Structure formats: C-alpha cells, structure tokens
Amino acid sequence: MAEGAFIRDVASFEGREVEIRGWVYNSRSSGRIHFLILRDGTGFMQAVAVQGQLPDRAFQAAGFAPQEAAVVARGLVRADRRAPGGYELELRDLEVLQGSPGYPLTLKEHGVEFLMDHRHLWIRSPRQHALLRVRAELIAACRDFLDSDGFTLVDAPILTPAAAEGTTTLFEIRYFDRSAYLTQSGQLYNEAAAMAFGKVYCYGPTFRAEKSKTRRHLIEFWMIEPEMAYCDLEQCLEVEERMVSAVVARVVERRRPELAVLGRDVSKLEKIRPPFPRISYDEAVEMLQRAGHSIKWGDDFGAPDESYISQQFDLPVFVLRYPAACKAFYMQPDPARPEVVLGADLLAPEGYGEIIGGGQRIHDLELLQARIREHGLNEANYGWYLDLRRYGSVPHSGFGLGIERTLAWMAGLEHIREAIPFPRLLHRIYP
RNA sequence: UCCAGGUUAGCUCAAUGGUAGAGCGCCCGGCUGUUAACCGGGUGGUUGCAGGUUCGAGUCCUGCACCUGGAGCCA
C-alpha cells in the first residue's frame, strides 16, 4: 500500500512507493514511454510511465490524460538528474479521476485579457502559484511580526455608516432601509481599539470606487493597519521600518524558490534594513523641481513624481510632513509648522512608490472638530470618534500597509493585478 | 473623464488596396528519456460592429463597442 505524499516532500521518500494526488500540468510521449508533469498544489514533479512497469490500462491512461486532468499516481520515488526538480515518480499505477481535452491555458504565451478571463485557471500556473505563495507568506509575516510585538488583532467593520476619510469615493450599498458604505480604511475604528488595547491592528479588504486605471490601483485591496496609543510620529516610523524589514527578510528566507520562479533579483531585497532614509515633503518638492518635474509646494505627488523619488533610493524612503491640505482631516499638525502634518508616506524603491501611509492623529477635541468642519464633513457622523477625544485622549499614531503594492514590489511585478487572487479593476469583476 | 496604441482561427501573431496564412491547441498516426519534446497528416475564419470610398477593403475614411498602456483621482 503506497503512502500518500506531497510533492514538496518527495526527497524524503526516495526509494519508496508513494501516492500523489494531483493534476496533470503537462505531458509528453515517445510511444512506449510517457512523461507527465504532475502538480499537487505543493509543487511540480515529473512522472514516467514505462510500458510494462504498470498495468496496460494505466499506461494507456497516462498517454491520453489531458492537460489538467485530475489523477492519482502511484509509483517509486527516484532521484534522476534528467527530471526537472531532480526527483521523478516511476509510475506503478495511474488513475484518471476526471479531465477534458482543450484546457484553455496552453503552455504558450497568452494576452492579458485572455489570462484575466481565465484567472480561475491561471492561478494553477507555476508563476501565479509562486506569487500567491509569496503573498501568503507576506501576510503571515506581517501578522506574526505584530502579534509578537505586543499588538492585538481587532478587526474593523467592512460595512460602515459614513465615509472614513471623506476624500475618496465610496461604494454605496443598501443596508435594509438606509444607505451604507464599504469601508475604505479600518483606521477610525482602529483608533477606538487602540484606546482600549494600546497596540492594535486590523487586517481586511478595503474598497475605493475611484475610476483609476493604472498598474498600481485595485478597486478592492487588502490593508494591514496598526494603530498605537501613546505613540508619536517618530515612534510610528520606527515600527514601520522594523516591520517592513522583518517582513522582507522572512519572505526572502522562506520563499526564495518562489522568488526565483518570479525572476526577482533577491539581492535588492537583502539590502532592506533599518534605518530607512527620510526626506521632508519640502525636500522632495525641491528634488522633483531640480529633475524638471512641474510641481509646486502644496501639490500632492503624481505617479511619475512618486516613482522618481523612489528611484533615487535603494531602500524604502519616508517622505515626511506633507501640507495639511493634501491629507486627511485627522492628521496632527506639526506644532512648529501648522501648515504641514505629522504624517509620512513610505515609498518602496525601484519606482514602486507608496506602500504605506500613516502618521500621528489629532488627539485634541476642539482641533478635530474644527478640521471636520473645514473638510465639509458632518460632525453628527463622527460622534463616537469624537468621544475618543473626550474620554482619555492621548497622542496616538498608526499606518496602513497595502498588501498588493508591497507584494508587487517584493515580487518585482509589472502590474498590481497579479498580486491578488481575483483582482477587481475598473472594468473587471469577472471571474 | 482625457490622451495614445490596438481588435484577423480556441490562443499568440503574420498578410504593398488584388486567391486570408503560420506556430500552438484539438483529432488521427509514429517514436523507450522527454524538458514549452519532436516528426507526418487532418481540423479550424461573417478579419470587433455599422456605414462609406473603390473595379476590388483585413488593409483607406467616419461613427460606435471593447481591450491595452498612460494621465487625472488615489493607497
């Protein structure tokens, strides 16, 4: 009786007979010898069917099994340097559970639209498989870092009664007999949680109904958002650079084979260590003006501006103290220069741009009320939020890290649409 | 919403205004070590849609739809 095994572990089964339950990734045949590349979710492995070494029924099946047929393969694990991966399965039996000819994704090139229409099948391919494994590692690394650093996970709601920030376009939905909105950030709820637990984070999807059509925008994307009570901007930045460095190091350590499949130059990631360089918004504007960008003090950065700044550094770079007018209403003004806020964006290197936005929040009740009015927001919607400034308000800070943008940088992607299993884009909500 | 490029076989792409093709897929056959296997044969088209110019349009013109890239907006 053959033992069940995963392809990931076959090296430890050398010389033994195992059963692999998976799918046919590709097959070749020379008549009396068939080669099947099997995949089982943990890896890819060549299986060889030699006439006479397995029942005729199974040998025939090996010759006819179409691409992506579900198969249960039993055989002897052998080291063989002719096999991709170094080990192969010498088949003793093969059962085809189900399959159909004409699998849409051949091993040749396909266009973006065709691949996106078949995203449900595309995620089976080696590159997408490697990428989504890196994504899983990235998320686990973020959570493990925070969990072991004294943070408590306190999830924020996805259905919200009003705009969190008032700046971006929200998806409006029916909530029984009234309107509600899909969350654009868990931050406001995080602030409540921080006053209850000290150091908290939330992890979940966020939704922006903006008609952005670029390689760095998704309509639905995932953010991890830490928030800390008794924390100023400086302390917040320190957490950010420690977290990003730890996460990069862990992905490089544990997902090196996947990064190799993706063709990522890992040496660039191995340089990511704190401290990260810091420039002020003022300096960034000067830098851009020297490079010929048409930007003046007070403007927010456009995509080419952000990209240029990030290309000037080998490490992620903090841009600090933006004009208050560019940022959300809750950002704490710099006491020394009230026209700028104690906030910072973190721009990933190699032109990838913003992966984190964050900073210190307003903790003074009257100032916050004034800002809500200045931004044309309805104070009635923020009653609970203002309560946080009435009952034990303290300086606090936090940030949000965009998972897909961070993954796009770490994996060296051309477009963010590959960084999430089923992307929602301006003109795409299928599959 | 704006700008640019594109739309030809299931897929990826060719085709001076003059007979619509290739590779892959799929089907049939061959091959006992293949590496996106290979070899032979077969299958496959309202050239995005609607008009127009022309003896003749995949090719030129107009409109529309859709795709891709970028901008703006934003993380």
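Note on naming: letters A, B, ... go to the chains in the order of the sequence lines (proteins, then strands), and numbering restarts at 1 for each one. Values below: all heavy atoms of this structure, side chains included; hydrogens, waters and symmetry mates excluded. Note that the structure is predicted; figures quoted are calculated from it, not measured.
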query: According to the 5.5 Å centroid and 30° plane-angle thresholds, does A/Phe35 stack upon the nucleobase of B/G33?
result: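 Stacking is absent between B/G33 and A/Phe35, given that the ring centres and planes do not meet under 5.5 Å and under 30°.
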message: Under the rule for side chain to side chain contact (heavy atoms under 4.5 Å, CB included), what residues qualify as partners of A/Ala408, not counting sequence neighbours?
response: A/Tyr352, A/Leu413
message: According to side chain to side chain contact (heavy atoms under 4.5 Å, CB included), who are the partners of A/Thr406, at least two apart in sequence or on a separate chain?
response: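 Partners of A/Thr406 under the side chain to side chain contact (heavy atoms under 4.5 Å, CB included) test: A/Leu138, A/Ile355, A/Leu401, A/Trp409, A/Met410.
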A/Arg82: partners by salt bridge (Lys or Arg N to Asp or Glu O under 4.0 Å), with sequence neighbours left out: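 Per chain and number, A/Arg82 pairs via salt bridge (Lys or Arg N to Asp or Glu O under 4.0 Å) with A/Asp80.
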statement: For A/Glu354, the salt bridge (Lys or Arg N to Asp or Glu O under 4.0 Å) test, sequence neighbours excluded, returns none
query: According to the salt bridge (charged side-chain N to carboxylate O under 4.0 Å, His left out) rule, which pairs have a member within residues 46-56 of chain A, sequence neighbours left out?
result: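 Output for this query is empty, none listed.
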statement: A/His293 meets the ring-ring contact (aromatic ring centres under 6.0 Å, His included) criterion, sequence neighbours left out, with A/Tyr308
query: Can you name the ring-ring contact (aromatic ring centres under 6.0 Å, His included) partners of A/Trp222, sequence neighbours left out?
result: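 So A/Trp222 forms a ring-ring contact (aromatic ring centres under 6.0 Å, His included) with A/Tyr203.
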- request: Go through the N and O atoms of the side chain of A/Glu88 and the base of B/G33, and report whether any donor-acceptor pair is under 3.5 Å.
  value: yes
- request: Could you note down all residue pairs passing ring pair (Phe, Tyr, Trp, His ring centres under 6.0 Å) where residues 81-117 of chain A supplies at least one of them, sequence neighbours left out?
  value: A/His110-A/Phe114, A/Phe114-A/His118
message: Counting the atoms with a prime plus P, OP1 and OP2 as sugar-phosphate, which does A/Glu404 contact under 4.0 Å by heavy atoms, base, sugar-phosphate, or nothing?
response: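 Counting heavy atoms under 4.0 Å across all strands, no contact is made by A/Glu404.
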Residues 422-431 of chain A side chain polar contacts: donor-acceptor under 3.5 Å, at least two apart:
from: A/Arg424; atom 1: NH1; to: A/Pro431; atom 2: O; distance (Å): 3.0
from: A/Arg424; atom 1: NH2; to: A/Pro431; atom 2: O; distance (Å): 3.4
from: A/Arg428; atom 1: NH1; to: A/Met116; atom 2: O; distance (Å): 3.4
from: A/Arg428; atom 1: NH1; to: A/Asp117; atom 2: OD1; distance (Å): 3.1
from: A/Arg428; atom 1: NH1; to: A/Tyr430; atom 2: O; distance (Å): 2.7
from: A/Arg428; atom 1: NH2; to: A/Asp117; atom 2: OD1; distance (Å): 3.1

- prompt: Where does RNA chain B pair, written as one dot-bracket string 5' to 3', with Watson-Crick or G-U pairs under 3.5 Å, ( ) inside the strand, [ ] for crossing pairs and | for another strand?
  reply: (((((((..((((....[..))))((((((.......))))))....(((((..]....))))))))))))....
Pick out the pairs of N or O atoms, protein on one side and nucleotides 22-32 of chain B on the other, that lie under 3.5 Å.
from: B/C31; atom 1: N3; to: A/Ser29; atom 2: O; distance (Å): 3.3
from: B/C31; atom 1: N3; to: A/Gly31; atom 2: N; distance (Å): 3.4
from: B/C31; atom 1: N4; to: A/Gly31; atom 2: N; distance (Å): 3.4
from: B/U32; atom 1: OP2; to: A/Ser30; atom 2: O; distance (Å): 3.3
from: B/U32; atom 1: OP2; to: A/Arg32; atom 2: NH1; distance (Å): 3.1

Kindly give the atom pairs (protein nitrogen or oxygen, nucleotide nitrogen or oxygen) under 3.5 Å for nucleotides 64-69 of chain B.
from: B/G69; atom 1: OP1; to: A/Arg417; atom 2: NH1; distance (Å): 2.6
from: B/G69; atom 1: OP1; to: A/Arg417; atom 2: NH2; distance (Å): 2.8
from: B/G69; atom 1: O3'; to: A/Arg215; atom 2: NH2; distance (Å): 3.4
from: B/G69; atom 1: N7; to: A/Lys213; atom 2: NZ; distance (Å): 2.9

